[in-house]
Amino acid sequence: MAANLIDKDVITALAARAAGIDQSGGNPRLKQVVNRLLADLMVAIDELDISMDEFWCGIAYLTQAGKQNEFGLIVPGVVLEHFLDLRLDEAERRAGLAGGTARTIEGPLYIAGAPTSKAEARLDDGTDDGEVLFMEGQVRGVCGEPIAGAMVDVWHANTMGNYSHFDPTQAAFNLRRRIETDKDGRYRFRSIMPSGYACPPGSQTEKLLQAMGRHGNRPAHVHFFVSAPGYRKLTTQINIDGDKYLRDDFAFGTRDELIPQIERITDAAEIHKGGINKPFARIRFDFSMTKEVTGAPVTIVAREHAQAA
Ligand code: BEZ
Ligand code: FE
């Protein structure tokens with residue numbers, strides 16, 4: 001067939017009718033969004049001359065992705081989760097909210113309700129013989145004030161790049177903790193150095209990425225939600241410097257400000273002080289939080305999470 005077969009006015013009218021624009025009932029915002037998306041999709045089908053076979057192939061792909069619960073994986077893979085971050089960054093800039101630790105994507109692998117502890121925690125259960133990682137720092141406001149009682153909710157993958165809960169071989173909440181900062185705003189944890197996540201082989205996400213000539217790998221990283229009363233919730237990650245995929249994250253999560261220096265500790269006295277018997281890695285990373293202000297776009301995202309059993 002040829003491209004541009006349908007007059008744009010016909011498409012506009014069809015989209016409006018399909019979205020119920022001429023009806024009084026329903027949710028006006030939903031109608032507005034559906035109207036726009038439908039119109040844009042019909043224009044794309046017409047201009048790209050998308051065939052029947054291509055269209056139904058796409059629907060079959062999405063149907064299977066839904067059955068496999070993969071939309072949380074496809075969304076970052078096609079840059080949309082990062083795009084939402086860019087929009088929030090710009091909205092904050094326009095609201096005069098400057099500074100603070102850079103945000104980056106949450107990803108689909110958070111589980112609510114990890115065990116809590118005060119000031120410090122051990123995240124790993126000792127079954128993974130990875131490089132020991134000590135990470136510590138301070139949570140402060142952008143003006144430098146330490147924030148006591150801030151909650152540092154941290155989660156990361158094991159040395160195979162797998163996350164507890166989604167990987168049934170790991171114990172519940174392995175490599176997941178919530179740490180409340182001490183009176184000086186400090187947190188500290190012991191864990192193992194993670195490896196980067198890779199999209200499950202054979203998944204719908206991997207199939208799409210491969211069809212676009214892309215890979216489905218992330219650099220090693222550690223996720224954080226940092227929250228405190230009166231401050232804007234921060235969703236971020238640190239990336240592990242030196243990882244092959246550091247600048248080639250399939251989920252577009254790497255940001256220059258989020259690549260801390262890693263110290264490799266080999267001195268026997270320091271190792272002994274750390275209470276372990278082999279060299280270890282240390283990362284120091286402080287979080288800087290912006291104050292909540294009325295009228296600024298919210299950073300607390302209502303998002304469905306997998307639930308711990
Ligand atoms: C992750 O954080 O591990 C992740 C992020 C986006 C897609 C898949 C995984
Ligand atoms: Fe992750």
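Atom set for the values below is all heavy atoms of this structure, side chains included, hydrogens, waters and symmetry mates excluded. Computed from a prediction, not measured in an experiment: that's the story for all the values here. In this chain, numbering begins with 1 at the start of the sequence shown. In each ligand, atom 1 is the first atom listed, and ligand 1 is the first ligand listed.
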Quick one: does [X] get an N or O within less than 3.5 Å of an N or O on ligand 1?
{"X": "Q237", "answer": "no"}
{"X": "Y197", "answer": "no"}
{"X": "H221", "answer": "yes"}

Under the side chain to side chain donor-acceptor pair (under 3.5 Å) criterion, do H165 and Q307 qualify, and how do the steps go? CA-CA 9 Å; H165 182 88; Q307 294 297 316; over 6 Å; no
Flag this pair as yes if the NZ/CZ of K207 is under 6.0 angstrom from the six-membered ring centre of Y61 and inside a 45 degree cone about the axis; otherwise no. no
Find all atoms of ligand 1 within a distance of less than 4.0 Å from any non-hydrogen atom belonging to [X], and give their numbers and elements.
{"X": "P76", "answer": "6 (C), 7 (C)"}
{"X": "P108", "answer": "4 (C), 5 (C), 6 (C), 7 (C), 8 (C), 9 (C)"}
{"X": "A251", "answer": "6 (C)"}

Closest protein heavy atom (residue, atom, distance) for [atom]:
{"atom": "atom 4 (C) of ligand 1", "value": "R218 CD, 3.5 Å"}
{"atom": "atom 8 (C) of ligand 1", "value": "L73 CD1, 3.1 Å"}
{"atom": "atom 3 (O) of ligand 1", "value": "Y163 OH, 3.0 Å"}

Would T127 and D125 count as having a side-chain donor-acceptor pair, cut-off 3.5 Å? yes
Judged by modelled atom types alone, do S191 and R122 share a side-chain donor-acceptor pair under 3.5 Å? no
Measure from the Fe ion (ligand 2) to each N, O or S atom of Y163 and report whether any distance is below 2.8 Å. yes
Indicate if the distance from the Fe ion (ligand 2) to the nearest N, O or S atom of H223 falls below 2.8 Å. yes
Residue portion contacting ligand 1 (non-hydrogen atoms closer than 4.0 Å) for E81: neither
Give the C-alpha distance, both sets of side-chain angles, the deciding distance and a yes or no for side-chain contact (heavy atoms from CB on, under 4.5 Å) between L209 and C199. CA-CA 10 Å; L209 292 167; C199 287; 4.1 Å; yes
Is it true that [X] and [Y] make a salt bridge, defined as a side-chain N closer than 4.0 Å to a carboxylate O?
{"X": "E120", "Y": "R186", "value": "no"}
{"X": "D249", "Y": "R255", "value": "no"}
{"X": "D182", "Y": "K118", "value": "no"}

